[in-house]
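For clarity, every value in this text was computed on a predicted model and none was experimentally measured. Computed over heavy atoms, backbone and side chain alike; hydrogens, waters and symmetry mates excluded. Reminder, nothing fancy here: chain letters follow the sequence lines and each chain counts from 1.
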Amino acid sequence: MPSENKVGKLSDITKIIKEGDKVAIGGSWLGGHPMAIIREIIRNKIKDLTAITVVGSIDIDLLIGAGCLKRLMFSFVSMEAFGLAPNFRRAIEKEGLPYDEITGLAVIIGLEAGGRNVPFLPYRGPFGSDLIKYRPEFYKNIKCPFTGEELIAAAAIVPDVAIIHAVRADKTGSIQMEGTTGSDIEMMRAAKKRIVSVEEIVPSEEIWKHPEKTKVPKFQVDMVIEAPLGAHPTSCAPHYVFDAWHIMKYMEYAASAETFKKYIQDYVMKPEWEYLEAIGGMRQASILRRLAREVKFL
Amino acid sequence: MKQYAKDYTVGELMCVTLAREIEDSDVVVLGSFTPLAYASYILAKITHAPNSCLLAYAAVDFRPFQLSFIRAESSATRGAALLWTMLEDLNSVHLKGRGDVEAISSIQADQYGNINLSVVGEYDKPKLRGPGGAGAPEVIKMHRKMIGYFPSHSKMTFVPKVDVITGTRYLIGAQERIKSGYRPGPIRYITNLCVITKEEKDKPFRIDFLHPGVKVEDVVNNTGFPLEVPASIPETEKPTEEQVRLLREEVDPYGTINFDFKPGKERLGYLKEMLNKELQAIGYA
């Protein structure tokens with residue numbers, strides 16, 4: 001039997017994530033963000049991070065509101081139907097948070113380039129977009145060496161650390177996913193170090209029963225952390241839905257920088273199990289799980 | 001004989017108008033959670049386009065599901081024929097040119113086929129920092145049609161020139177698109193007032209249809225760029241009684257598609273009401 005053991009506690013993330021790191025954050029829209037790890041980053045006051053997201057929401061907004069970011073790379077940050085992301089807006093409009101806005105495909109293709117160990121990948125990119133003009137360090141117009149076709153080169157993105165949330169893992173770090181994978185797998189390939197929080201850590205025998213669910217091999221994982229409901233308040237499809245009730249509460253707190261400090265105190269600066277109590281405990285968890293199960297096909 | 005509904009909301013009218021854009025073999029992508037677009041695609045799938053292939057989140061060719069505010073992702077995932085990654089999605093659909101429709105919306109749109117989801121004002125000194133474009137800036141160029149929907153047709157949205165070009169159709173005319181390896185298709189915007197279309201780079205958007213009760217001047221006065229106004233403009237086809245029944249009873253019983261049309265002050269209350277109904281449906285609250 002394999003003897004390696006990559007299981008860590010949430011507090012162990014400080015062994016991997018360092019001040020000033022470029023951190024790619026998995027998940028997409030209101031789904032699958034590694035929120036327990038993000039809360040732990042804030043608890044440990046790891047600052048000056050550059051966050052990299054494809055389609056972010058509360059993950060990015062919370063990190064900005066807690067003052068952990070010095071720069072942001074994104075294609076989209078929004079609370080979707082709940083509104084624009086309040087801390088994200090405030091930081092950019094009022095405080096001039098530096099950012100690199102890149103189109104979604106360029107972030108994913110850039111991560112794929114990072115994973116392939118090449119400095120760029122060409123594609124039929126966003127010709128005519130001002131984003132090319134504003135961020136020439138991520139886009140270049142190039143000509144195909146074979147046909148002469150005009151293409152866009154997307155620069156490789158190599159994060160210092162990737163953090164993602166998944167359904168299950170064994171202690172060696174085989175990672176299983178059962179729903180939305182977003183760009184998590186590309187982030188894991190591209191990054192120098194990787195931390196994965198999972199709903200449950202299981203014996204390797206459980207992994208071997210369903211190899212088709214394993215999406216990240218153990219050699220692309222440095223630490224696994226068991227964090228049930230670790231994506232909350234975002235979803236972990238198809239197991240639980242995002243917590244619309246908590247997100248509405250978050251939006252109230254985030255209405256001003258002043259009241260947002262209270263959110264950090266009331267929900268983040270306490271052990272993870274107390275966070276889960278504060279958001280409604282087992283009852284709320286069972287509602288979110290039940291909503292994810294009870295879907296109706298037409 | 002089609003029985004047209006007498007009672008319908010503007011959201012329902014836009015929804016069935018967008019549904020008509022879906023053809024039976026189309027590959028249709030659902031991006032960010034936009035209830036009106038989701039409802040349109042699902043309505044098309046259970047009516048005239050049963051062979052369309054719907055994609056959302058990681059789900060490919062998912063079974064049509066009952067829309068709700070918080071369950072779209074788990075519904076699509078549980079009913080999928082295949083689950084894949086964003087990279088597989090963009091390799092297979094976007095970059096390969098296989099996408100037909102992925103309706104987008106935008107803070108600003110202009111006469112050239114540009115959209116702005118970035119900032120209002122100067123890029124480095126924004127008055128409003130928007131969410132960013134996600135996939136939109138590129139899908140509007142790559143997919144066969146560029147379809148936009150705008151719940152509030154005004155000069156704030158339809159501006160002569162967007163402040164920032166987050167993305168653009170880039171190649172518009174059919175010949176130009178074919179020459180460069182893109183499938184030809186129109187730019188079409190469905191708004192709360194009308195349907196406008198642009199098919200050539202050097203020609204303006206044309207008013208194709210006016211919604212019932214809307215006059216030409218309502219559209220012209222609320223659009224910040226010149227429009228082609230044909231001598232006679234047909235009325236947008238109204239939803240049928242059956243379409244309205246399907247939307248209200250099957251596709252969208254919680255009324256998510258009307259959310260975008262609620263005034264700012266009423267939105268939170270409406271949202272809470274929808275969420276309570278979802279809780280009741282699973283036996284809580």
* To do: Could you tell me whether the side chain of A/E80 and the main chain of B/F33 form a donor-acceptor pair under 3.5 Å?
  => yes
* Are the side chain of B/R78 and the backbone of A/A292 linked by a donor-acceptor contact shorter than 3.5 Å? -> yes
Under 4.5 Å from a heavy atom of chain B, the part of [X] involved:
{"X": "A/F74", "answer": "side chain"}
{"X": "A/F297", "answer": "both"}
{"X": "A/L111", "answer": "neither"}
{"X": "A/Y240", "answer": "neither"}
{"X": "A/E178", "answer": "backbone"}
{"X": "A/A85", "answer": "neither"}
{"X": "A/I185", "answer": "side chain"}

Between A/F82 and B/F69, does the ring centroid distance fall short of 6.0 Å?
yes
Greatest number of heavy atom pairs closer than 4.5 Å to chain A - which of [options]:
{"options": "B/F62, B/W84, B/Y123", "value": "B/Y123"}
{"options": "B/K45, B/E73, B/K272, B/E250", "value": "B/E73"}
{"options": "B/L171, B/T166, B/L268", "value": "B/T166"}

Using the rule given for side chain to side chain contact (heavy atoms under 4.5 Å, CB included), can you reason through B/L95 versus A/L105, listing the C-alpha separation, both sets of side-chain angles and the distance that settles it, and then say yes or no? CA-CA 9 Å; B/L95 299 173; A/L105 268 65; 4.1 Å; yes
Ordered numerically, the heavy-atom neighbours of chain B under 4.5 Å found in residues 51-65 of chain A are A/V54, A/V55
Is the terminal nitrogen or CZ of A/R124 (NZ for Lys, CZ for Arg) located under 6.0 angstrom from the six-membered ring centre of B/Y170 and within 45° of that ring's axis?
no
A/I287 versus B/Y284: any side-chain heavy-atom pair under 4.5 Å? yes
